[in-house]
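Single-structure report; data block below.
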Number of protein chains: 2
Amino acid sequence: MKKVFLKDIAEELKVSKTAVSLVLNNKGDENKISQETQKRILDYAKKHNYVPNQLARSLSRGKSETIGLIIPNISDTFYSKIAGYIELKLKGSGYTVLFSSSNEDPKKEGELIRSMLNRQVEGLIIASTQQNLKEIESLKQDKYPFVLIDRHYPEIDTNYVVVDNYDGIKTATEHLLRLGRRKIGFITLKPKLEAIRQRLLGYRAALEGFGLEYNDDLVKELDPLNYENMIGEAVGELLKFPNSVDSIVFSTHYLTAIGLRELKNKKIRVPQEVAIVSFDQLAAFDLVDPPITSVIQPVKDIAEHAVEILINEIEGNKNPVMVKETLGSKLVIRKSCGTF
Amino acid sequence: MKKVFLKDIAEELKVSKTAVSLVLNNKGDENKISQETQKRILDYAKKHNYVPNQLARSLSRGKSETIGLIIPNISDTFYSKIAGYIELKLKGSGYTVLFSSSNEDPKKEGELIRSMLNRQVEGLIIASTQQNLKEIESLKQDKYPFVLIDRHYPEIDTNYVVVDNYDGIKTATEHLLRLGRRKIGFITLKPKLEAIRQRLLGYRAALEGFGLEYNDDLVKELDPLNYENMIGEAVGELLKFPNSVDSIVFSTHYLTAIGLRELKNKKIRVPQEVAIVSFDQLAAFDLVDPPITSVIQPVKDIAEHAVEILINEIEGNKNPVMVKETLGSKLVIRKSCGTF
DNA sequence: TTGAAAGCGATACCAA
DNA sequence: TTGGTATCGCTTTCAA
């Protein structure tokens, strides 16, 4: 079947391109095009399986009906779930998602932003590396619609939907404290990210709330790009810490997974010898031995709110107030911290 | 900073748009444009941060430098990992990925295919619902570049990269048989998918290879959209089966997860009373109690091969032979089947 | 070597 | 109501 264009159907039906375009865009009635002509056009289009060229359409209208999603890594379940919910939420709205992973590389992220702009995406949802202040600021200055998720720039006034990292880790740590643990290690990432910094602060606040002193030796900050090779040493050091720690807070789900693997290798009994608690979780954390007490993120809410805010900004008011949301997380208590 | 267009820079520099376009596309030399003009153009472009409008560019050239990825569900780790590897492989190639999930809905899948074509994607990677024979056939007839992954249509001659489902499950089942299990249940999905059908055949072949009779009562086929509510009953029935099964083969990672949850709820000891083995796995399956013996998929290979085949077809020969790959999987033995 | 002009396919303004 | 035509921003052919 040969491809048919707007022009073809206009010529064939001996009407103008305008008429065809109008009718096909459901603007036939409001432009008072005769019912008969409309029918002829619609029928012909359907019969010949006409589909408009989106590129031409977008170029002409200055709208691409596409929104861009930039995340650190699509294969991280946290982000893939967010992507899934974003898609779901967008379903039926006519928008398509263009996505890309930055792999935590600020330079790449910058390129992605520009590349997406070139492609005329109408808005952006970004889980930023938090190291592109300039780019984000210029988006803002251009009044370009975007919303930051998961991570934001506290120094810029933008839309964002994040979770309360501080509070999440604080709650997790307090849980351990309440169960009587006192030598609590913290395995986290090098805090290039504000989000990660917040987690450290939460950990610290919990300790201090219980009158404990913050101790640098208990905190292990791994390189985000090389944590797998560093975890062994980190865990080892915590276990050697004057008489070993009695518990560990892990700052991300993947740190928890490899950390637990490490503990098992070293034949440490969890939670008897060392209790653990995880910020965020993996699908099978409830099945793990022992089931892992975790701070759960409101992934669905993050995705849905972000979409709502973005769409509203794209379609709505030019100069709305920025929407800033810090969602709470939930501590799901399983068995990795022992019981009272 | 105001947006600058090709025209602007041509006017500003008093050269033609052609010259600008040529130079910016690195065709300055081959069109013998004076070095000086080239330099002026390049400098000006850089200084004013010129970026071409991809839409216009694509429309004009008839190329979008975009490839489409259609998968059942981006939040399924299996597919999100594939998406991640596809992205990685495409990095630097200049192509961007447009992705969408079909949610196993053939109708939606059809719409997605058409929508992507409208957007002039240059090629498609599809993990199909396997219920769109027509659409796929017409892609083929139009000589449109595409490659099927994970699931293919045996009746059509297309490019594809899949794993050997039959063999994967057969190996898993044989593992149980070799460990002395004889009453082996199989929890799978309703076989609308060829891939799923293959798994059932693999299960059956293993049994028969050991001289066992295939028994319908041992096979539970759940509805892909409602498996969560059906798993309880399925497991229950297998446990009631004349004196209970001694093991269960799960056809997907998520069935394994919820199945195991069910077994734990019912206080069944795994593997002592019931051994289990999983086709495909979740990130923490090695940490689970007990660590789950699983058939591992070559996700990375699937993604990379698919990209190679596709790019080759897009850029290379018009009428190449179809590339058909059936990759092997690997049985990783952990503890959920017990030992000899 | 450079530039004018004709597309790419659709939208939308303005007359008729 | 309908149709001609300019336009979106860039590429590319063909003359000069």
Side-chain angles (χ1 to χ4, degrees), chain A residues 2-42 44-45 48-66 94 114-115 117-122, chain B residues 2-41 44-45 48-66 94 115 117-122:
Chain A
K2 211 175 105 283
K3 208 156 166 116
V4 37
F5 299 111
L6 193 59
K7 200 179 70 174
D8 302 332
I9 120 161
E11 283 172 1
E12 202 64 36
L13 260 35
K14 298 197 203 307
V15 297
S16 73
K17 281 170 40 176
T18 313
V20 181
S21 171
L22 253 21
V23 171
L24 260 19
N25 284 296
N26 284 318
K27 292 183 184 157
D29 287 337
E30 76 192 54
N31 288 69
K32 310 203 184 139
I33 291 182
S34 74
Q35 291 307 318
E36 197 214 315
T37 310
Q38 292 208 35
K39 189 162 179 339
R40 280 173 62 218
I41 294 174
L42 256 12
Y44 189 94
H48 292 263
N49 224 311
Y50 170 76
V51 279
N53 178 325
Q54 280 293 342
L55 252 34
R57 189 169 209 235
S58 302
L59 177 60
S60 165
R61 306 203 314 173
K63 290 172 167 298
S64 62
E65 285 169 314
T66 303
R114 260 163 284 141
S115 150
L117 294 185
N118 295 354
R119 283 164 196 272
Q120 314 301 114
V121 305
E122 295 186 40
Chain B
K2 214 177 102 282
K3 210 159 165 113
V4 37
F5 299 112
L6 192 59
K7 199 180 70 172
D8 302 333
I9 120 161
E11 284 171 0
E12 202 65 36
L13 261 35
K14 299 197 205 307
V15 297
S16 73
K17 282 170 34 176
T18 313
V20 181
S21 171
L22 253 23
V23 171
L24 260 19
N25 284 297
N26 284 319
K27 292 183 185 159
D29 287 337
E30 76 193 52
N31 289 70
K32 310 204 184 139
I33 291 183
S34 74
Q35 290 307 317
E36 197 213 316
T37 311
Q38 293 208 34
K39 189 163 180 336
R40 280 172 63 219
I41 293 175
Y44 189 94
H48 292 264
N49 224 311
Y50 170 77
V51 279
N53 178 325
Q54 281 292 343
L55 251 35
R57 187 168 211 236
S58 302
L59 177 60
S60 167
R61 306 205 314 175
K63 289 172 167 299
S64 62
E65 284 168 315
T66 303
S115 151
L117 294 184
N118 295 354
R119 283 165 196 270
Q120 316 300 115
V121 304
E122 295 187 39

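Proteins come first, then strands; the chains are lettered A, B, ... in the order of their sequence lines, and each starts at number 1. On a predicted model such as this, the values are computed, not experimentally measured, just so you know.
- Listed by residue number, B:Asn31, B:Lys32, B:Ile33, B:Ser34 are the residues of residues 25-35 of chain B with a heavy-atom contact under 4.0 Å to DNA chain C.
- Within the model, atoms CD of A:Gln120 and NZ of A:Lys63 stand 12.5 Å from one another, a figure rounded to the nearest 0.5 Å.
- The separation between A:Leu59 atom CG and D:dT7 atom P is 14 Å, rounded to whole Å.
- Rounding to the nearest 0.5 Å gives a distance of 6.5 Å between CZ of B:Arg119 and CD of A:Glu65.
- Of the N and O atoms on the side chains of B:Asn25 and B:Arg57, at least one donor lies less than 3.5 Å from an acceptor on the other residue.
- Atom CD1 of A:Ile41 and atom C1' of C:dA10 are 15 Å apart (whole Å).
- Of the possible donor and acceptor atoms, one in the side chain of A:Ser58 sits under 3.5 Å from a partner among the backbone N and O of A:Gln54.
- If you take CZ of B:Arg61 and C1' of C:dC8, they are 13 Å apart, rounded to a whole angstrom.
- Side-chain atoms of A:Phe5 lie closest to C:dG9 of the nucleotides D:dG3, C:dG9, C:dT2.
- Taking atom CD on A:Gln38 and atom C1' on D:dT1, their separation rounds to 11 Å, with Å as the unit.
- Taking 4.0 angstrom as the limit, A:Thr37 places a side-chain polar atom (N or O) nearer than this to OP1 or OP2 of D:dT2.
- Contact annotation: B:Arg57 does not reach the phosphate of D:dG9 (side-chain N/O to OP1 or OP2, under 4.0 Å).
- Between the side chain of A:Asn53 and the main chain of A:Leu55, a donor-acceptor pair closer than 3.5 Å is present.
- Where B:Lys14 and A:Leu22 meet DNA chain C, the nucleotide closest to each residue was compared, and B:Lys14 sits on the side nearer the 5' end.
- At a cut-off of 3.5 angstrom, the base of C:dA4 holds at least one donor-acceptor pair with the side chain of B:Thr18.
- What separates NZ of A:Lys63 from P of D:dG9 is a distance of 15 Å, to the nearest Å.
- The distance from atom CD of A:Gln38 to atom CG of A:Leu22, rounded to the nearest 0.5 Å, is 8.5 Å.
- Position along DNA chain D of the nearest nucleotide to B:Ala56 versus B:Ala19 favours B:Ala56 as the more 5'-ward residue.
- The shortest distance between the side-chain N/O atoms of A:Tyr50 and the OP1/OP2 oxygens of C:dG9 is not below 4.0 Å.
- For the pair A:Arg40 CZ and D:dT1 C1', the interatomic distance rounds to 14 Å; values are reported in whole Å.
- For D:dT11, the OP1/OP2 oxygens have no side-chain nitrogen or oxygen of B:Ser60 closer than 4.0 Å.
- Atoms NZ (A:Lys7) and C1' (C:dT11) sit 16 Å apart, rounded to a whole Å.
- Distance check, rounded to the nearest 0.5 Å: CG of A:Leu42 to CG of A:Asn26 gives 7.5 Å.
- Between A:Ser21 and C:dT11, a side-chain N or O to OP1/OP2 separation shorter than 4.0 Å is present.
- The distance from atom CG of A:Leu6 to atom P of D:dT5 is 17 Å, rounded to the nearest whole Å.
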